[in-house]
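Below: one structure, written as structure tokens.
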Amino acid sequence: MKPENSPSAPPEKKQPIWKALASVNLTIFLLIFLAVSSIVGTLIPQNGPPALYIQNYGYGTYQFLDSLSLLDLYHAGWFRLLLLLLALNLIVCTTDRLRHVWDIVFPKEKRLDEKAVLARPGTRALKYKANPSVVKAALLPILSGKLGDLNETTAGSTTILWREKGRLSRLGVYVVHLSVVIFYIAGIASSLGGFRSSVNLPEGAVAEQVCLPNTDVDYKLGFALRVDKFEAQFYPTGEPKDYRSDVTIIEKGQPVLSGNIRVNHPLTYKGITFYQASYGRFPKAIELNLVDKTSGKTIPLSVPFGQEAILPDGLGTLRSLRAEPNVMDKGPAVQMLLTSPEGGQTDFWIFKNDPDFGRISKLPYRFIVTEVREGFYTGLQVAKEPGIPFVWAGSILMVLGIAVTFFMSHRKIWAVLEKKGEGTTVTIGGQTNKNKLGLEERLDNLYLQLQKSDIK
Amino acid sequence: MLSSKILAVVTFSYLAAVIFYLIALIFKTKIGQRIGSIITIGTFVAHTAAIILRWVESHKLGIGHAPFANFYESLVFFAWAIILIHFIAEYKYKIAHVGAFTVPFAFLSLTYAAFSPGISSRIEPLVPALQSNWLIAHVITCFIGYGAFAVSCGLSIAYLLKRSNDKKDLDALNYRMIIFGFLFLTAGIATGSIWAHSAWGAYWQWDPKETWSLITWFVYAIILHVRLRGWHGKKIALLSIGGFLSVLFTYFGVNFLLSGLHSYIN
């Protein structure tokens, strides 16, 4: 029982470069090189600011690392070259072997190499008193089973009953190699036709374009996304439970789609997908009480950010500039801009806990901050990944390919019937391209079954 | 929590099983092997029950989710996966004494989960990033893969220690375990990548966890290819131990030494 080894290339004259690119040694070398470089990439922080490296490693080392592109290793030219070489290696190796394998997998007719079988038929022999044709008739129901159709080949007075299974499994390894190439296509498609960006939008804001990272270029969405509401929910323990942005897609001034974006539940419109990535608070308006210095009468006034609030009695307008949690160690404070009716501008701070500190004496009011109203902004990741169907296809093919490659085998099992005097000798044997243990087990079972049967 | 109490008993039961397997190995007694096997089966049943119970308990707390939400739960599941794969080696391939080399990994994982001061056994609610159906597919595929690699590492140690010339079966099974682990690691990376796309908007970002899972994948891909060049036995055993070190770094090292997107695991 000689196992068929991996089919080797047909003996043609080949260019040395072709031979090198088709070799498994190159594959092993490239995999080791890729693994080691990837480790280096996880030990040196990637894409950090130069100051970080200079501080940690010194200027000379920083320059050295930068000259080898080790600070953005996974996008470096040499790393891509390694990946490209691996792809070439896979493709050349596959074309080199596939033609030969194809003939085995799709033979013009079913065949058995009788000479090879008769040279080493196997060690499991049984002797019967009946003549070969009687024994054959008795063997048929036992042998024809799950493995496939039973074939018969005669060589002189010897009859070989054989069956074959799993020819297609020889293609499994090429499916795995193909899937790797499909992942490359995914990467290329995403980097050529895709983009990724992020945008922070307060409630009520509308985005029509996003800024592409590391460039000044704006990407026009072709529609507008309005954030109607953002909500963060928490468990009683304080851990986050849900982040949700309610949004409306607006096209040509008309709302066309309303929906929400949550973590793990992105929203896709016209190939562009929005993901919930982060959130934050920002001051929306400052609520003031104006207390008349003489009468003590209180007038509430709301001063929104980005808009002017009109002071009573034609005293001018007020604008909110900043709201800070702690100024001069005196606690929360807001900065306001006062525009007088004549057009003169003054800015001043109002301290929430000490309203009379640094007040403007020209005006007939005291200012008291009652509340800084906050709104949410939502941080959305905006992306277009045309590679994703390829990622799906590559993943499915790779998993199936590995399963077929390693868990299915191309097997032949045979029974050689030889006439010995008046009786018959039957020898059970087989061959497989992998998992010899499994075949031996299978042959043992068959042998036992034949020993137990009542064939004479 | 009842499940945590069961798991404490489970931890020590595995230790008892290991002791009996070792007695069987050292004193060549069949009875030790038998007792070790029986304890392992019984403990595995309790282990499985504890995982299911934890799931039920989380629902009773009103934060129901599969018990794959934090580091503690992942260690418990890792141990479970190791024992599951161990059964394949012990019963399907009938490798005697394999328990002495595989069950210790499960015991160590559970011990670490129980006694490390930084690990909380509390049932925690699921943070938004983990609220996905991909969680179950991703965790199960990864940990079945890790379990197979742990068993392969155990078989490799057994191979290196065994003083006999008849070690072919051990080598053949070791190779099959690597293949099995490789299949599940591939599926684990694939599900992780597709999940990352729906959670973060990018299927591959060279985050340390992603990169180390790929490094581990490279290591086992190298083993499968050198096997094609005829390597077997001791060389494969040594490489498999190296591969498992890479698994351990992917699982623990990345969490503690490198920061990245998976850091919420702690």
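Computation of the quantities below employed the complete heavy-atom set of this structure, encompassing side-chain atoms and omitting hydrogens, waters and symmetry-equivalent molecules. Lettering of chains follows the sequences in order, A, B, ..., and the numbering in each one begins at 1.
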Is there a donor-acceptor pair closer than 3.5 Å between any side-chain N or O of A:E385 and the backbone N or O of B:H197?
no
Could you label the plane-to-plane angle of the B:H225 and A:H177 rings as parallel, tilted or perpendicular, counting under 30° as parallel and over 60° as perpendicular?
parallel
Distance in Å, A:S23 OG paired with B:R229 CZ, rounded so as to fall on 0.5 Å steps
7.0 Å
Under the 3.5 angstrom rule, does the side chain of B:Y203 hit a backbone N or O of A:G387 as a donor-acceptor pair?
no
Here the gap from B:Q131 atom CD to A:R262 atom CZ, rounded to the nearest 0.5 Å, amounts to 6.5 Å
Side chains of A:N264 and B:W195: any donor to acceptor distance under 3.5 Å?
yes
Between atom CH2 of B:W217 and atom OG of A:S38, what is the distance when rounded to the nearest 0.5 Å?
12.0 Å
For A:I402 and B:T186, the nearest pair of non-hydrogen atoms, with its separation, is CD1-OG1, 3.4 Å
When B:V226, B:T191, B:N133 are compared by non-hydrogen pairs under 4.5 Å with chain A, the top option:
B:V226
Passes ring pair (Phe, Tyr, Trp, His ring centres under 6.0 Å), B:W204 versus A:Y74? Steps please.
CA-CA 11 Å; B:W204 196 266; A:Y74 305 113; 9.2 Å; no
With respect to chain A, which residue among B:F182, B:W212, B:W134 yields the maximal number of heavy-atom pairs within a distance under 4.5 Å?
B:W212
What part of A:A383 gets within 4.5 angstrom of chain B, counting heavy atoms only: side chain, backbone, both, or neither?
side chain
